[in-house]
Amino acid sequence: MNINFCVVLPIYNEQECLETCIRNIAKYLEKIEGRTGIIAVDDGSTDNSKDILISLQAQIPNLLLIFHEQNQGYGGANRTAAIAAHQNNFEYALVMDSDGTQSVEYIGNFIKPMREGKDFIKATRYSKGGKVIDVHWKRVWISRIGNRLARFFIDVPLSDFTNGFRAIKTDLWVKLLTTERGFESLIEEVYLAKKIGNISFEEVPYVLTARVEEGSVSKFTYSPEVYKRYAKYLFKK
């Protein structure tokens, strides 16, 4: 059965790795039977990301570009992408990072659960063959503990709530009316899906690696305020 999905890339100042990332995704999608595309949302980048995207669009026909004049954060970029994916009649949106830390080969892990019609599919670093390589142990253990708490309190069958590598049915995604600006929108998204009810969740494994491109810096920061914004969804009714 052919598949119908787009790869979504929220982008903010990724000039060092952006071209390689998109070319690798486009090449991989050529092997997949069905309708595929790439939706790139540049979230007000101040480097050369916009120029790189415009240059690539002339060479990659299924690349759709959206530009935010001002930075709206990871959550804002995802909300824009959800609307675009739904309006362009993609059945699924598969969200990836644009910094090269997620190998395109792991896109293949999503194909089977998409064909099975699962609503919400998350890649996991923490079970079913997933793992983390060359990331500082402190970051890994903070993430592990936080995700275990999220599973206990939110009570859905996921082990990696804070992972942005995921595929969601677009008709569901546009109903998940997130309000968060930053990466905490990921856990808000799961919380809202649980509230809707009768949502099928699935996990697929992947291996997270450290950033390899010089100059590519993680947009996530650890701070008490970040922990607070994540934690409120653990106790929210």
Side-chain angles (χ1 to χ4, degrees), residues 4-30 32 35-90 92-107 110 123 162-168 170 173-174 176-186 188-189 208-221 226:
N4 172 11
F5 73 97
C6 61
V7 172
V8 166
L9 295 172
I11 298 160
Y12 181 65
N13 290 350
E14 293 291 359
Q15 64 179 15
E16 289 80 10
C17 45
L18 186 56
E19 181 171 355
T20 298
C21 176
I22 290 180
R23 288 192 183 280
N24 287 343
I25 292 170
K27 185 176 181 180
Y28 188 87
L29 293 181
E30 289 175 358
I32 296 176
R35 178 175 178 246
T36 61
I38 304 170
I39 297 179
V41 180
D42 182 81
D43 190 30
S45 291
T46 57
D47 63 359
N48 291 324
S49 293
K50 182 176 182 178
D51 292 338
I52 293 169
L53 289 170
I54 292 172
S55 175
L56 286 170
Q57 189 178 44
Q59 305 167 53
I60 302 173
N62 62 344
L63 174 61
L64 172 65
L65 304 182
I66 302 172
F67 298 102
H68 287 173
E69 290 300 319
Q70 295 183 330
N71 181 268
Q72 299 179 29
Y74 183 78
N78 275 268
R79 287 186 284 274
T80 295
I83 294 169
H86 190 254
Q87 290 179 339
N88 282 274
N89 298 313
F90 287 105
Y92 283 92
L94 196 165
V95 189
M96 298 181 70
D97 291 342
S98 55
D99 59 7
T101 57
Q102 297 161 344
S103 171
V104 296
E105 297 301 321
Y106 293 110
I107 293 174
F110 289 87
T162 55
N163 183 6
F165 195 7
R166 66 209 191 277
I168 309 173
T170 59
W173 204 19
V174 292
L176 302 180
L177 303 178
T178 60
T179 59
E180 299 288 356
R181 175 183 172 86
F183 292 100
E184 60 272 16
S185 62
L186 291 169
E188 181 187 16
E189 204 175 63
L208 172 68
T209 58
R211 294 159 191 266
V212 296
E213 297 287 347
E214 184 179 353
S216 180
V217 179
S218 174
K219 309 302 185 296
F220 181 83
T221 58
V226 169

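Residues passing the side chain to side chain donor-acceptor pair (under 3.5 Å) test with Ser185, sequence neighbours excluded: none. Partners of Asn62 by side chain to side chain donor-acceptor pair (under 3.5 Å), not counting sequence neighbours: none found. Residues forming a ring pair (Phe, Tyr, Trp, His ring centres under 6.0 Å) with Phe165 (at least two apart in sequence, or on another chain): Phe110, Tyr206. In this view, Glu180 and Lys232, Tyr233 satisfy the side chain to side chain donor-acceptor pair (under 3.5 Å) rule, not counting sequence neighbours. In this structure, Glu188 has no salt bridge (charged side-chain N to carboxylate O under 4.0 Å, His left out) partners at least two apart in sequence or on a different chain. Partners of Glu19 according to the salt bridge (charged side-chain N to carboxylate O under 4.0 Å, His left out) rule, which considers only residues two or more places apart in sequence or in another chain, are Arg23. Legend: residues meeting ring pair (Phe, Tyr, Trp, His ring centres under 6.0 Å) with Tyr28, ordered by chain and number and at least two apart, are absent. Under the side-chain contact (heavy atoms from CB on, under 4.5 Å) criterion, Ser103 pairs with Glu105, Tyr106, sequence neighbours left out. Residues meeting the side chain to side chain donor-acceptor pair (under 3.5 Å) test with Ser49, sequence neighbours left out: Asp47.
The 12-atom threshold is exceeded at CD of Gln59, counting heavy atoms of other residues, nucleotides or ligands nearer than 6.0 Å.
With hydrogens and angles ignored, the 3.5 Å screen pairs no side-chain donor or acceptor of Thr36 with any backbone N or O of Ile32.
Here the options are Leu65, Leu56, Leu63, the test is side chain to side chain contact (heavy atoms under 4.5 Å, CB included), and the partner is Ile38; only Leu63 passes.
Nearest heavy atom pair, residue Gly44 against residue Tyr12, reads O-CE1, 3.5 Å.
With values rounded to the nearest 0.5 angstrom, Leu18 atom CG is found 4.5 Å from Leu53 atom CG.
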Can you give each donor-acceptor pair under 3.5 Å made by side-chain atoms of residues 81-89, sequence neighbours left out, with the distance rounded to 0.1 Å?
{"from": "Asn88", "atom 1": "ND2", "to": "Ala84", "atom 2": "O", "distance (Å)": "2.8"}

